[in-house]
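Comments concern the structure below.
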Amino acid sequence: MAVTSAALLRLQLRTELRKARIAAGLTQRQVADRMEWSPSKLIRIEAGEVGISVNDLRPLAAAYGISDRRKLEELLDMARGSRRMPFTEYRDLYSKDFMQRLALESAASAHRQFAPLVLPGLLQTEEYMRAVITAYGKDAPDEDIDRMVESRLARQEVLELEDGREFSFVLDESLLRRVTGGRGVMRAQLEHLAELSARPQVTIQILPFSVGAHPGVQGPFTLFEFLTEGMEDSLFLEDSRGVTIASTSAEETRQYLERFWELEDLSLKDGVGVVLRRLAERVEEGGDELEGLLQQDPA
């Protein structure tokens with residue numbers, strides 16, 4: 001098989017097994033009883049939360065009436081290749097939905113993200129991410145903060161792959177104006193964004209204040225798209241607590257994709273690198289606009 005990503009293989013396998021169960025006219029409870037499993041085991045396999053061993057997959061395929069040798073071998077190859085999922089060493093830090101997000105992020109053909117509050121993790125410098133994580137995780141042990149930073153840096157390795165993936169980001173102007181971590185940290189972050197924007201596989205656009213109310217006012221979202229047959233595109237939302245919510249609803253995903261396109265149409269695209277470098281210079285120079293207004297002589 002051309003697909004080598006463990007995450008993508010896991011996702012393909014769960015899709016194939018669910019389709020096979022439905023085609024066989026079986027419920028999850030019926031399959032669990034037949035296999036002498038707990039219902040939660042099958043639910044977790046179909047959700048992609050856990051893998052399935054070759055020894056378990058053979059009788060499961062038989063229960064689903066899969067007799068074609070080539071199809072069976074394909075499923076077995078998926079099971080073998082998906083045993084080692086990315087970022088499993090961090091599952092004690094993150095929710096199940098966020099772990100699913102990490103798996104999809106590592107395998108998606110296209111990544112589209114709207115960020116109105118904090119820069120996307122894939123774009124953050126180490127100093128910026130440490131400032132953000134420390135701000136919302138004040139009670140977290142230093143070791144956990146270090147591991148969160150470590151995991152976020154590891155995620156960024158997908159940007160180095162030259163395999164045709166596309167990354168598109170729409171950033172609210174406020175993210176670039178807020179001095180996060182201090183002026184030196186923010187300048188380095190803006191310069192890093194400018195460098196990333198020059199990469200052929202990365203598109204960064206800025207949604208300016210001047211557009212006023214816009215389709216993204218409800219909050220941040222991320223879309224993952226796949227070219228692999230049978231793979232469903234996925235949508236991830238974040239609520240006010242930073243909790244990640246996953247959806248594979250085709251209708252909801254389509255609505256958010258259209259919303260992303262609308263945001264792209266409203267955003268600055270050309271000359272983004274120049275704008276980011278100029279903002280970096282202004283951050284270093286200081287002179288916050290609000291502070292400047294307060295210091296003005298009312299007379």
Side-chain angles (χ1 to χ4, degrees), residues 3-15 47-51 78 81-126 128-129 132-133 147-171 175 192-193 196-197 199-205 219-228 230-239 242-249 252-253 256-257 259-260:
V3 179
T4 57
S5 164
L8 190 53
L9 289 171
R10 171 79 63 84
L11 296 168
Q12 284 183 279
L13 182 58
R14 74 167 188 181
T15 300
E49 294 176 11
V50 298
M78 288 182 188
S82 64
R83 294 296 294 172
R84 177 60 179 171
M85 288 287 283
F87 308 109
T88 53
E89 63 269 36
Y90 303 109
R91 59 189 171 192
D92 60 310
L93 295 175
Y94 301 122
S95 67
K96 291 180 181 179
D97 278 343
F98 193 76
M99 289 300 297
Q100 183 183 4
R101 176 197 172 109
L102 296 185
L104 290 167
E105 182 179 79
S106 70
S109 302
H111 176 129
R112 307 181 195 277
Q113 186 168 357
F114 170 60
L117 301 173
V118 179
L119 286 172
L122 292 185
L123 305 182
Q124 296 175 5
T125 64
E126 181 174 351
Y128 180 99
M129 66 179 69
V132 170
I133 293 171
R147 292 177 64 216
M148 289 179 192
V149 170
E150 179 183 79
S151 68
R152 198 165 293 187
L153 290 171
R155 288 166 56 195
Q156 294 180 356
E157 293 177 7
V158 297
L159 296 176
E160 308 299 328
L161 301 175
E162 298 180 357
D163 56 3
R165 302 185 195 210
E166 297 178 359
F167 300 87
S168 301
F169 302 92
V170 173
L171 311 179
L175 305 186
H192 180 60
L193 289 175
L196 289 174
S197 71
R199 297 188 183 184
Q201 75 274 31
V202 177
T203 300
I204 295 176
Q205 295 183 237
F221 62 90
T222 304
L223 292 157
F224 296 119
E225 299 176 32
F226 298 88
L227 298 179
T228 306
M231 281 296 301
E232 300 172 326
D233 295 341
S234 296
L235 164 70
F236 285 82
L237 307 172
E238 292 181 26
D239 67 15
V243 176
T244 299
I245 304 165
S247 173
T248 55
S249 163
E252 190 172 21
T253 300
Y256 273 86
L257 179 58
R259 183 173 300 181
F260 187 83

Without swapping roles, check the side chain of Arg165 against the backbone of Ser106 for a donor-acceptor pair under 3.5 Å.
yes
Short side-chain to backbone donor-acceptor contact, Glu126 and Val149, under 3.5 Å: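 Side chain of Glu126 to backbone of Val149, a donor-acceptor pair under 3.5 Å: no, none is there.
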- How would you list, by chain and number, every residue that makes a side chain to side chain donor-acceptor pair (under 3.5 Å) with Gln100, sequence neighbours excluded?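 Partners of Gln100 by the side chain to side chain donor-acceptor pair (under 3.5 Å) criterion come out as none, since no residue qualifies.
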Any side-chain heavy-atom pair from [X] and [Y] closer than 4.5 angstrom?
X: Asp233; Y: Phe224; value: no
X: Leu102; Y: Tyr90; value: no
X: Met148; Y: Tyr94; value: yes
X: Phe114; Y: Leu223; value: no
X: Glu232; Y: Thr253; value: no
X: Leu196; Y: Gln156; value: no
X: His192; Y: Leu123; value: no

Of all the heavy-atom pairs spanning [X] and [Y], show the shortest one and how long it is.
X: Phe226; Y: Ala108; answer: CE2-CA, 3.5 Å
X: Pro220; Y: Pro116; answer: CB-CD, 3.5 Å
X: Ser151; Y: Phe87; answer: O-CE2, 4.0 Å

Spacing of [atom1] belonging to [X] relative to [atom2] belonging to [Y], to within rounding of 0.5 Å:
X: Leu153; Y: Leu122; atom1: CG; atom2: CG; answer: 11.0 Å
X: Leu193; Y: Tyr128; atom1: CG; atom2: OH; answer: 8.5 Å
X: Leu171; Y: Ile204; atom1: CG; atom2: CD1; answer: 6.0 Å
X: Gln201; Y: Asp163; atom1: CD; atom2: CG; answer: 9.0 Å
X: Gln12; Y: Met78; atom1: CD; atom2: CE; answer: 4.5 Å
X: Glu225; Y: Leu235; atom1: CD; atom2: CG; answer: 11.0 Å

**Message:** If the condition is ring pair (Phe, Tyr, Trp, His ring centres under 6.0 Å), which residues does Phe167 pass it with, not counting sequence neighbours?
**Reply:**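 Once residues adjacent in sequence are excluded, the partners of Phe167 under the ring pair (Phe, Tyr, Trp, His ring centres under 6.0 Å) criterion are His111.
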Pair Glu160 + Arg199: basic N to acidic O under 4.0 Å: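 Yes, charged N to carboxylate O under 4.0 Å.
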Quiz item: Any idea how Phe221 and Phe260 line up, ring-wise: parallel (<30°), tilted (30 to 60°), or perpendicular (>60°)?
Solution: perpendicular
Of the options Glu105, Glu150, Gln124, which is the one that meets Arg155 in a side chain to side chain donor-acceptor pair (under 3.5 Å)?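 The option that passes is Glu105.
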Please enumerate all residues that pass salt bridge (charged side-chain N to carboxylate O under 4.0 Å, His left out) together with Arg91, with sequence neighbours excluded.
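If we apply the salt bridge (charged side-chain N to carboxylate O under 4.0 Å, His left out) test to Arg91, skipping adjacent residues, there are no hits.
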